[in-house]
Amino acid sequence: MNTAFNIDIYQQRRSHLMQSMSGGVAVIPTSPIRSRNGDVEYQYRPDSDFYYLTGFNEPDSVAVLCPGRAAGEYILFCREKDDDKELWYGRRAGLEGAVEKYGADDAFPIEDLDDILPRLLEDQEKIYASLGRYSDFDAKVMQWMNEVKLRSRRGIHAPHEMVDLSYLLHEQRLIKRKDELTIMQRAGKISAAGHIRAMETCKPGMTEHQVQAEMEYIFRKMGSTYNAYPSIVAGGENSCILHYIDNNAVLNDGDLLLIDAGAELDCYASDISRTFPVNGKFSGEQRALYEIVLAAQHAAFEVCKPGEHWNRPHERAVEVITEGLVDVGLLKGELNELIETHAYREFYMHRTGHWLGLDVHDVGDYQIEQQWRVLEPGMVFTVEPGIYIGKNSKVDSRWHDIGIRIEDDVVIRKAGHEVLTKAVPTAIDDIEHLMA
Ligand code: GLY
Ligand code: MN
Ligand code: MN
């Protein structure tokens with residue numbers, strides 16, 4: 001069994017969701033297997049919504065929730081056991097396993113979905129589904145609805161309302177419970193250990209890939225099967241490309257290295273960025289800009305607490321970065337005006353964070369009725385200010401090829417916040433000491 005949680009946790013999540021539905025039937029598919037090339041497939045990763053509700057890690061599965069159904073509210077369609085296929089492609093839970101190990105009230109072969117699902121929809125008022133993610137599934141939903149409609153002459157009613165499941169489910173996913181936070185704390189620790197290894201091993205002349213290997217060796221060794229997203233290991237001028245993933249350049253003495261990488265644990269993401277000198281010693285310009293980004297992160301942390309709104313950490317980071325850029329002479333003008341006219345965006349062009357959870361850019365609205373939402377205990381997000389000055393910048397070339405991002409993962413607690421990734425240093429002295 002793949003799941004790290006007690007199976008009751010998934011039951012609680014399904015109950016919670018069913019309580020927020022008003023009747024109807026919810027249908028939740030998992031992700032398909034995707035072909036990479038020839039007979040090779042991409043490593044399988046279940047759909048986050050599906051996994052959140054089921055803990056079930058096999059492709060070709062669909063969960064159906066029928067609140068109030070006497071014969072059982074949770075039905076799992078999945079692959080049957082098959083000795084020959086399992087010999088070639090790995091173990092399957094099968095229908096019995098779906099019930100016994102994964103807590104389904106009923107399990108049916110995935111091949112029977114088209115026969116059974118229209119029957120489950122009969123005389124239901126609503127169907128809840130997240131459309132727009134998997135086009136094959138979207139077409140199936142229409143097909144099932146049409147089949148029920150064809151039975152109207154027998155007095156059977158088809159659902160007359162189609163409700164987007166995402167809203168209900170994603171509000172639920174936004175607030176992380178204790179069990180999820182335990183996993184996310186562990187994911188943060190694994191990622192931190194990998195970043196520390198990268199700092200300890202990095203030397204001029206290594207390639208970005210070699211440093212990546214040192215870091216990801218720790219991720220795997222400590223139990224993370226996948227990364228939460230492809231690692232960004234970006235030396236020198238590459239540090240100014242926000243989503244650089246080639247990771248194939250040689251690391252030069254005197255350059256900075258920006259690493260943005262996180263381990264995934266039981267499908268939960270972590271997301272850390274650190275920036276450090278390839279040779280272990282910050283130059284004057286690197287140090288000046290690094291101190292600004294670090295001060296921006298600290299200022300943002302100060303407003304990570306219940307009652308502040310989502311955008312406050314970004315506002316604080318922007319203020320500190322703009323002020324710092326004025327101090328070092330890279331921006332000229334009056335502080336408030338530079339902020340209002342977004343002058344800082346020449347050097348800081350992304351936002352200061354995003355929700356974090358099963359997805360690295362996790363689900364949940366950032367605004368409610370066009371107001372930034374208020375931070376609540378259990379919300380997890382990143383705090384990731386940066387400054388980037390590429391080759392083409394008009395500023396003096398001594399500032400060129402400096403890309404800096406410092407990113408940590410934060411959970412809002414009743415009394416403020418906890419940084420899940422603090423084990424990897426950010427202070428210049430601590431980094432230089434670690435690399436010495
Ligand atoms: N690693 C993706 C991000 O920081 O948003
Ligand atoms: Mn991030
Ligand atoms: Mn990141």
### Task
In sequence, state the C-alpha distance, the side-chain angles, and the governing distance for Glu315 and Arg312, and then conclude on salt bridge (charged side-chain N to carboxylate O under 4.0 Å, His left out).
CA-CA 5 Å; Glu315 288 169 357; Arg312 274 303 284 152; 2.9 Å; yes
### Query
Using the ring of each side chain (for Trp, its six-membered ring), is Phe108 parallel, tilted or perpendicular to Phe77, with breaks at 30° and 60°?
tilted
### Query
For Ile110, does the CD1 atom sit with more than 12 other heavy atoms under 6.0 Å from it, leaving out its own atoms?
yes
### CZ (Phe301) with more than 12 external heavy atoms under 6.0 Å
yes
### Message
Run the salt bridge (charged side-chain N to carboxylate O under 4.0 Å, His left out) test on Arg13 and Glu180 for me, step by step, so that the C-alpha distance in whole Å, both residues' side-chain angles and the decisive distance to 0.1 Å come before the verdict.
### Response
CA-CA 12 Å; Arg13 294 175 181 178; Glu180 302 179 273; 3.8 Å; yes
#### Entry: Minimum heavy-atom distance between Val374 and Gly307, given as atom pair plus value
CG1-CA, 3.6 Å
### Task
Decide side chain to side chain contact (heavy atoms under 4.5 Å, CB included) for Ile175 and Met379; before the verdict, give the C-alpha distance in whole Å, the side-chain angles of both, and the deciding distance to 0.1 Å.
CA-CA 5 Å; Ile175 307 292; Met379 290 176 170; 3.8 Å; yes
### Task
Identify, with sequence neighbours excluded, every residue that meets salt bridge (charged side-chain N to carboxylate O under 4.0 Å, His left out) alongside Asp359.
Arg173
### Arg373 to Tyr366 six-membered ring, cation-pi geometry met (6.0 Å, 45°)
no
## Note on the structure
Closest non-hydrogen atoms of Ser270 and Ala263, given as atom of the first, atom of the second and distance, are OG-O, 2.8 Å
### Task
Could you list all the salt bridge (Lys or Arg N to Asp or Glu O under 4.0 Å) pairs where at least one residue sits in residues 29-46, not counting sequence neighbours?
Arg45-Glu264
### Message
How about NE2 on His209, more than 12 heavy atoms from neighbouring residues, nucleotides or ligands closer than 6.0 Å, or not?
### Response
yes
### Query
Who pairs with Asp260 by side chain to side chain contact (heavy atoms under 4.5 Å, CB included), at least two apart in sequence or on another chain?
Tyr229, Ile232, Leu258, Asp271, Ser273, Arg405, Glu407
### Task
Under the salt bridge (charged side-chain N to carboxylate O under 4.0 Å, His left out) rule, what do Arg92 and Asp83 come out as? Steps first, then yes or no, please.
CA-CA 9 Å; Arg92 299 174 172 196; Asp83 286 344; over 6 Å; no
### Task
For the residue pair Tyr344 and His342, categorise the inter-ring angle as parallel (less than 30°), tilted (30 to 60°) or perpendicular (more than 60°).
perpendicular
### Query
When you check the side-chain N and O atoms of His170 and Asp49, is any donor under 3.5 Å from an acceptor?
yes
### Task
Begin from the C-alpha positions of Ser166 and Ser130 and carry the test side chain to side chain donor-acceptor pair (under 3.5 Å) through to its verdict.
CA-CA 6 Å; Ser166 310; Ser130 301; 3.1 Å; yes
### Message
For the backbone of Gln11 and the side chain of Ser15, can you confirm whether one donor and one acceptor N or O come within less than 3.5 Å of each other?
### Response
yes
### Query
Passes side chain to side chain donor-acceptor pair (under 3.5 Å), Glu208 versus Asn238? Steps please.
CA-CA 10 Å; Glu208 294 162 341; Asn238 300 330; 2.9 Å; yes
### Summary
In short, Cys240 meets Ile389 closest at the heavy-atom pair SG-O, 3.4 Å
### Task
Please answer whether the main-chain N or O of Arg220 pairs with a side-chain N or O of Ser224 as donor and acceptor at a distance below 3.5 Å.
no
### Task
On the 0 to 90° scale, with breaks at 30° and 60°, tag the Trp144-Phe137 ring pair as parallel, tilted or perpendicular.
perpendicular
### Query
Would a distance-only check, ignoring hydrogens and angles, find a side-chain to backbone donor-acceptor pair under 3.5 Å from Ser397 to His400?
no
### Query
Quick one: side chain to side chain contact (heavy atoms under 4.5 Å, CB included) partners of Gln143, sequence neighbours excluded?
Asp114, Lys140, Glu147
### Query
Of Asp409, Val303, Thr352, Asp408, which meets side chain to side chain contact (heavy atoms under 4.5 Å, CB included) against Val383?
Thr352
#### Entry: Shortest non-hydrogen contact between Asp365 and Leu174, atoms and distance
O-CD2, 4.5 Å
### Least distance between heavy atoms, Ser61 atom then Phe50 atom
CB-CZ, 3.5 Å
### Query
Does Glu216 reach the main-chain N or O of Phe219 with its side chain, forming a donor-acceptor pair under 3.5 Å?
no
### Message
Surrounding NZ of Lys81 (heavy atoms of other residues, nucleotides or ligands, distance under 6.0 Å), is the total greater than 12?
### Response
yes
### Task
Could you tell me whether the side chains of Tyr74 and Asp106 share a donor-acceptor contact shorter than 3.5 Å?
no
## Note on the structure
Residues passing the side chain to side chain contact (heavy atoms under 4.5 Å, CB included) test with Ile218, sequence neighbours excluded, are Ala193, Arg197, Met222
#### Entry: Gln367 atom CD, over 12 foreign heavy atoms within 6.0 Å
yes
### Query
Leu165 and Leu17: side chain to side chain contact (heavy atoms under 4.5 Å, CB included), yes or no, with the steps?
CA-CA 10 Å; Leu165 184 66; Leu17 179 66; 4.2 Å; yes
### Query
Which of these passes side chain to side chain contact (heavy atoms under 4.5 Å, CB included) with Gln286: Thr275, Ile402, Asp401?
Ile402
### Query
Around Glu337, counting heavy atoms of other residues, nucleotides and ligands shown, do more than 12 lie under 6.0 Å from its CD?
no
#### Entry: Salt-bridge present (Asp138, Arg133; N to O < 4.0 Å)
no
### Message
Quiz question: by atom type and distance under 3.5 Å, do the side chains of Tyr44 and Glu58 form a donor-acceptor pair?
### Response
no
#### Entry: Residue pairs passing the salt bridge (Lys or Arg N to Asp or Glu O under 4.0 Å) test where at least one lies in residues 286-306, sequence neighbours excluded
Arg287-Glu432
#### Entry: Centroid separation Phe282 to Tyr290 less than 6.0 Å
yes
### Message
So does Val360 get a backbone contact from the side chain of His354, meaning a donor-acceptor N/O pair under 3.5 Å?
### Response
yes
### Message
side chain to side chain donor-acceptor pair (under 3.5 Å) for Tyr52 and Asp47? Distances and angles first, verdict last.
### Response
CA-CA 8 Å; Tyr52 175 82; Asp47 177 84; over 6 Å; no
### Task
Decide if atom CG of Asn37 counts as having more than 12 heavy atoms of other residues, nucleotides or ligands within a radius under 6.0 Å.
yes
### Task
List the steps, then state whether side chain to side chain contact (heavy atoms under 4.5 Å, CB included) holds for Arg274 with Met199.
CA-CA 9 Å; Arg274 287 293 184 270; Met199 285 183 189; 3.9 Å; yes
### Query
In terms of the angle between their ring planes, are Tyr348 and His314 parallel, tilted or perpendicular, with boundaries placed at 30° and 60°?
tilted
